[in-house]
Amino acid sequence: MNRIIPFQIEGKKMIQLGQLTIDQANDLRSWLPKNSLERINYQGIELNDCVPFETYDYWFRTYHILSRSYETILDF
C-alpha cells in the first residue's frame with residue numbers, strides 16, 4: 001500500500017483517517033495516544049478525524065511497513 005497524499009490547511013499537512021482503509025485506520029487509531037485526533041474546519045466542513053502527516057508518515061514507515069514485512073515472513 002502506498003502512502004496517501006496529505007492535504008494542506010493553514011500551512012499544516014494533514015491526513016484524515018477516513019482516507020485510509022478500515023484496517024489501516026483502526027491500526028493507526030489504536031497506535032495513537034488518546035485524544036490525539038484533531039478537529040479541523042475546512043471551508044465550513046468539520047473534519048474530526050485528522051492527524052498531522054508527519055505522525056501518519058512515521059507510523060506508516062515504522063509500524064505499518066514493519067508489521068506487513070513480519071506477516072510476509074510468517075506466510076512462508
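Source: prediction; values computed, not measured. Only heavy atoms go into these numbers, but all of them, side chains included; no hydrogens, no water, no symmetry mates.
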field: Inter- and intrachain pairs under salt bridge (Lys or Arg N to Asp or Glu O under 4.0 Å), touching residues 39-48, at least two apart
entry: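 Salt bridge (Lys or Arg N to Asp or Glu O under 4.0 Å) check on residues 39-48 returns Arg39-Glu46.
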Distance in Å, [X] [atom1] paired with [Y] [atom2], rounded so as to fall on 0.5 Å steps:
X     : Y     : atom1 : atom2 : value
Leu47 : Leu37 : CG    : CG    : 12.0 Å
Phe7  : Phe53 : CZ    : CZ    : 11.5 Å
Asn48 : Ile45 : CG    : CD1   : 12.0 Å
Phe60 : Leu28 : CZ    : CG    : 11.0 Å

message: Tell me the closest heavy-atom pair linking Gln19 and Ile5, and the distance in Å.
response: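 The answer is NE2-O, 3.9 Å.
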task: Would you name the heavy atoms of Leu20 and Tyr56 that are closest together and state the gap between them?
output: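 Heavy atoms only, the tightest pair is CD2-CE1, 3.7 Å.
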May I have the list of side-chain donor-acceptor pairs in residues 9-17 shorter than 3.5 Å, sequence neighbours left out?
from, atom 1, to, atom 2, distance (Å)
Lys12, NZ, Glu38, OE1, 3.3
Gln16, NE2, Asp49, OD1, 3.0

field: Any donor-acceptor N/O pair, Ser30 side chain to Asp27 backbone, under 3.5 Å
entry: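 Yes, the answer is positive, given that a donor and an acceptor are paired below the 3.5 Å cut-off.
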- prompt: Any side-chain heavy atom of Tyr58 within less than 4.5 Å of one from Trp31?
  reply: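 Tyr58 vs Trp31: side chains touch.
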